[in-house]
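When reading the values below, keep in mind they use all heavy atoms of this one structure, side chains included, and skip hydrogens, waters and symmetry mates.
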Amino acid sequence: MGDTNGQVVAGGNGQGNRLDQLNYPTDVLIDKETDSLIICDNWNRRVVRWSRRSGTTQGEILISNIRCWGLAMDDQRYLYISVTNKDEVRRYQIGDKNGTLVAGGNGEDTGLNQLNTPTYIFVDQQQTVYVSDRDNHRVTKWNKGAKEGVVVAGGQGEGNCLTQLSHPQGLFVDTFGTIYVADSENNRVMRWPKGAKQGTVVVGGNGRGEGANQFKVPIGLSFDRHDNLYVVDWGNNRVQRFSIE
């Protein structure tokens, strides 16, 4: 906190596919067990791991030939990856190259066993997988072993009513099952309590713009342990922090 300059911990050597480069990375998580970063290196169609130890100059490829977008890891260190070109989410043991299908994988459409460009994902302690089903304008929940998902936010077509979403992306689910979602094209972050038929606007929702209460396509979100909300405000080239109730 208080730093005005960031520190490069992965990439930083221009756009490319060498092991010391990244190409439009879309998501990252910290693997505490190995003290490393796992990164979705989207345009290189690979998932890579970079040690956080000082002196690290390149990453290693964990999974190749995968058009990944979002990443999550559960308590048992299974890695979950959303694969946008196959409209599915797969679960991997670290070192496994093939993975197991846990959501979607039945073509691109609106059926409950289908996804349409899944982006960010969240996995809870029961290995329930939540998926931002971006181009279906909904968030779906897939219980462990389920063959189809349940709509838990949106799903009423694209729009800006409180029952609707427009290209949802960043996703977080708290211990009560409350869903927080970056409702990208509506320039707002919404909260959907467990079982709710409509959400409430937490931040944004004041039109597209550069104001402190506005966004220009928010795509990612995260919370810290003090319940501060961080939002990746993509079109404004910034990250914003909010203190919310």
Would you say the side-chain atoms of [X] and [Y] include a donor-acceptor pair closer than 3.5 Å?
| X | Y | value |
| --- | --- | --- |
| Ser132 | Gln169 | no |
| Asp27 | Tyr120 | no |
| Asn206 | Gln214 | no |
| Asn106 | Gln114 | no |

Would you confirm whether [X], through its side chain, and [Y], through its main-chain N or O, come within 3.5 Å as a donor-acceptor pair?
| X | Y | result |
| --- | --- | --- |
| Ser82 | Thr119 | yes |
| Gln164 | Gly154 | no |
| His167 | Arg134 | no |
| Lys97 | Leu62 | yes |
| Asp96 | Gly99 | yes |
| Asp74 | Gln76 | yes |
| Asp124 | Val173 | no |
| Thr26 | Trp69 | yes |

Do [X] and [Y] come close enough that some side-chain heavy atom pair is under 4.5 Å?
| X | Y | answer |
| --- | --- | --- |
| Arg77 | Asp31 | yes |
| Gln125 | Asp75 | yes |
| Thr140 | Tyr130 | no |
| Thr128 | Lys141 | yes |

Value for CD1 (Ile66) from CD1 (Ile61), rounded to nearest 0.5 Å, stands at 12.5 Å

Nearest-0.5 Å distance that lies between atom CG in Asn186 and atom CG in Leu162 | 10.0 Å

Between Asp35 and Arg53, is the closest basic N to carboxylate O distance under 4.0 Å?
-> no

Do Arg238 and Glu210 meet the salt-bridge criterion of a basic N to acidic O distance under 4.0 Å?
->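 Not counted as a salt bridge, because no side-chain N and carboxylate O are separated by less than 4.0 Å.
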
State yes or no: do Val47 and Met73 share one hydrophobic cluster built from I, L, V, M, F, W and Y residues joined by side-chain heavy-atom distances below 4.5 Å, directly or via other members?
->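 Val47 and Met73: one cluster.
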
Out of curiosity, does Trp192 fall in the hydrophobic cluster containing Leu171 (side-chain heavy atoms, cut-off under 4.5 Å, transitive links)?
-> yes

Would a line drawn from the ring center of Phe223 to the ring center of Tyr180 be shorter than 6.0 Å?
->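 For Phe223 and Tyr180, the ring centres are under 6.0 Å apart.
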
Centroid-to-centroid, Tyr92 to Tyr78, below 6.0 Å?
->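 No; Tyr78 has its ring centre 6.0 Å or more from that of Tyr92.
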
Determine, stepwise, if the pair Ser166 / Glu158 fulfils side chain to side chain donor-acceptor pair (under 3.5 Å).
-> CA-CA 5 Å; Ser166 178; Glu158 182 182 8; 2.8 Å; yes

Residue that, paired with Arg67, satisfies side chain to side chain donor-acceptor pair (under 3.5 Å) out of Thr84, Asn85, Asn42 = Asn42

Side chain to side chain donor-acceptor pair (under 3.5 Å) between Tyr230 and Asp224: does it pass, once the steps are laid out?
-> CA-CA 8 Å; Tyr230 297 79; Asp224 67 17; 2.9 Å; yes

